[in-house]
Amino acid sequence: MRTLRDFDVKGKRVLVRCDFNIPLNEKKEITDDFRILQTLPTIKYLIEKGAKIILMSHLGRSAQNQKSKITPYHFLEKSGERQANQKFSLRPIEKHLEKLLKKKVKFLDDCIGEKVGKEVEKMRSEEIILLENLRFHKEEEENDENFAKELAKLGDIYINDAFGACHRAHASIVGVPKYRPAGTGFLLEKEINVLSKVLKNPSRPLIAIIGGVKISTKIRVIEQFLKTADHLLLGGKIFEPLLQVKEVLIGRPWLEEEIIEQVKKINLTDPKIHLPIDSLVCLPNLEEGYSRKAGIGSIRKEEEIFDIGPETIKLFSNLIKEAKMLVWSGPLGYFEREPFDGGSKAIAQAIVRNHTAFKIAGGGDTDAFLTKYNFRDKFDHVSTGGGAMLEFLSGEKLPGITALEKGESLSLRKLL
Ligand code: 3PG
Ligand code: MG
C-alpha cells in the first residue's frame, strides 16, 4: 500500500480525506481537537512539499449508527425532504486549522459543484481549501458512484488520513480511490502499523482490557483477544450479559437480544478471561442515593452495577503489572459520575505505573475518559478510531484500507 511519501506532490492537487468528526459545544466551539492535531503531520508535509491541499471530512453521526439523533441533517416535516443541519458545518474547523497552522485556510460551503471546481482550479501551491461536510449529501453514505467521481475530480492524488472512518464504505472513503492514485496519510499509516502489531506480532504478555456499555460493539473484539491475548480483563456494563447467559445474574432484562447466541459461546472458564469479582451497585437511575459494594454472586435483582469494586481493582492491577503490551477500550464503570469513575481511574493508574509496556487505548468513550483525567499523554498510542479501531482489532478488513490496496492493483477508472 502506498503512503504519502511515495508521491511527488509538488504543484499537485492533493485531496485528503480527514476525520474531523470532533465534539462541538452549543456555541460551536471545538471542545476536543485531538483528531485535528493528529492529522497535522500530513497537512504540514503537504505544505512543505508545495502541494495544493484540499481537505474533506464528515461531521456528525452516520445513519448507520442506529437511533442516532445527532445526524448532520434533518427531514422537513411537510415534504420529508432531507436538509443539511448547519450545526454540523465544518466552518469552526477552518478557523481552528488557521490557528494551528498559522496559515490561511479557505472554506467552501459545499464539497462538490461548479463553484468548488472553479475554486480548486485557481489554487496555487501551499494553499489550503476545506470543503463543507460530506454527509450533507446523502450520496456520501450511499457510496454513490457519481458523487465519488465529483469528489475525485477535485484532486490529482487522493490521500486517506481518516482512520476513524475507514470502517465506512462511503464514497469519500472507498469510491474516490477507484479514480485517483491513492495512498495513506501519516496518521492512517501509524494507526495501521500500531494496531497490526497488536494483531499479528504483539509483545507478550499482551493484556486487553475491555469495558464499555454495549456488548454488541465489543463481542468480536472479545472473541479475537481470546485467540491472541494472554489475558483479557472485562468490566463496564458489558460483562453483565456474560454473567446473565451463564445464569450468575438472573432476573434482569436482556438488552441486546440479537447477539445472545454469540455471547453464549464465550467460554467463561477460559483461564485467559478475568471478570470482576466485586462491584459497586446501586438502584437503577441511582435512586435514593443507595449504593453498596457487592461480590458478584450477591448482587440482587433490583440492583445495577455501576463500577468495578476494590477487589477487582487489585486483581486487575496485579495482572497489568506484568504486561509488555496493553490495549484498553471502554471505561470500566459509569465514569461520568463520581464515585463510579474510581474503577477506571485506578486501572488507568495501574497501566501508567507499568513503565515497560507499550500502552494503547481507544474506541468510543475511552478517549473521553482519558481526556477528562489527563491520561492521554501517558499512553504510547491513543487511536483516533472508535468503531474503526474495534473492527480493526477484531481482525476485520476495513473497507477504507482495502480500497487503497485495491487501487494499486486495478487500473484506475476514467472519470468521464
Ligand atoms: C467516529 O466518530 O467514530 C468516526 O468519525 C466515524 O463516525 P461514524 O460512526 O458516524 O461513521
Ligand atoms: Mg479562512
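Sequence positions, counted from 1, serve as the residue numbers for this chain. What you see below is based on every heavy atom in this structure, not just the backbone, and it leaves out hydrogens, waters and symmetry mates. Computed from a prediction, not measured in an experiment: that's the story for all the values here. All ligand and atom numbering here is 1-based and tracks the order in the structure.
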- Query: Using the benzene-type ring in the case of Trp, are the ring centres of Trp328 and Phe369 under 6.0 Å apart?
  - Reply: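 That pair passes the under 6.0 Å test.
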- Message: So, of the N/O/S atoms that Glu94 has, which is the nearest one to the Mg ion (ligand 2)?
- Response: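 It is OE2 of Glu94.
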- Message: Quick check: of its N, O or S atoms, which one does Glu98 have closest to the Mg ion (ligand 2)?
- Response: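 Closest N, O or S atom of Glu98 to the Mg ion (ligand 2): OE2.
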- With a 4.0 Å cut-off, would you call Glu114 and Lys118 a salt bridge?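 A salt bridge links Glu114 with Lys118.
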- Query: So which of Met389, His170, Arg168, Arg135 gets nearest to atom 9 (O) of ligand 1, if we judge by its closest heavy atom?
  - Reply: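 Comparing heavy atoms across Met389, His170, Arg168, Arg135, the nearest one to atom 9 (O) of ligand 1 lies in Arg168.
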- Can you figure out which of Glu141, His58, Arg61, His167 has its heavy atom closest to atom 5 (O) of ligand 1?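 Minimum heavy-atom distance to atom 5 (O) of ligand 1 goes to His58.
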- Classify the ring geometry between Phe335 and Tyr373 as parallel (under 30°), tilted (30 to 60°) or perpendicular (over 60°).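 It falls in the perpendicular class, over 60°.
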- Item | Cation-aromatic face contact Arg82/Tyr73, 6.0 Å, 45 degrees |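 Yes.
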- Message: A cation-pi test, strictly: NZ or CZ of Arg376 under 6.0 Å from the centre of the six-membered ring of Phe34 and no more than 45 degrees from its axis. Yes or no?
- Response: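 Yes, cation above the ring, under 6.0 Å and within 45°.
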- Task: Check whether any N, O or S atom of Val105 sits under 2.8 Å from the Mg ion (ligand 2).
- Result: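 It does: Val105 brings an N, O or S atom closer than 2.8 Å to the Mg ion (ligand 2).
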- Mark up the atoms of ligand 1 that fall under 4.0 Å of a heavy atom belonging to Asp19, in ascending order.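 In order of numbering, the contacting atoms are 4 (C), 5 (O).
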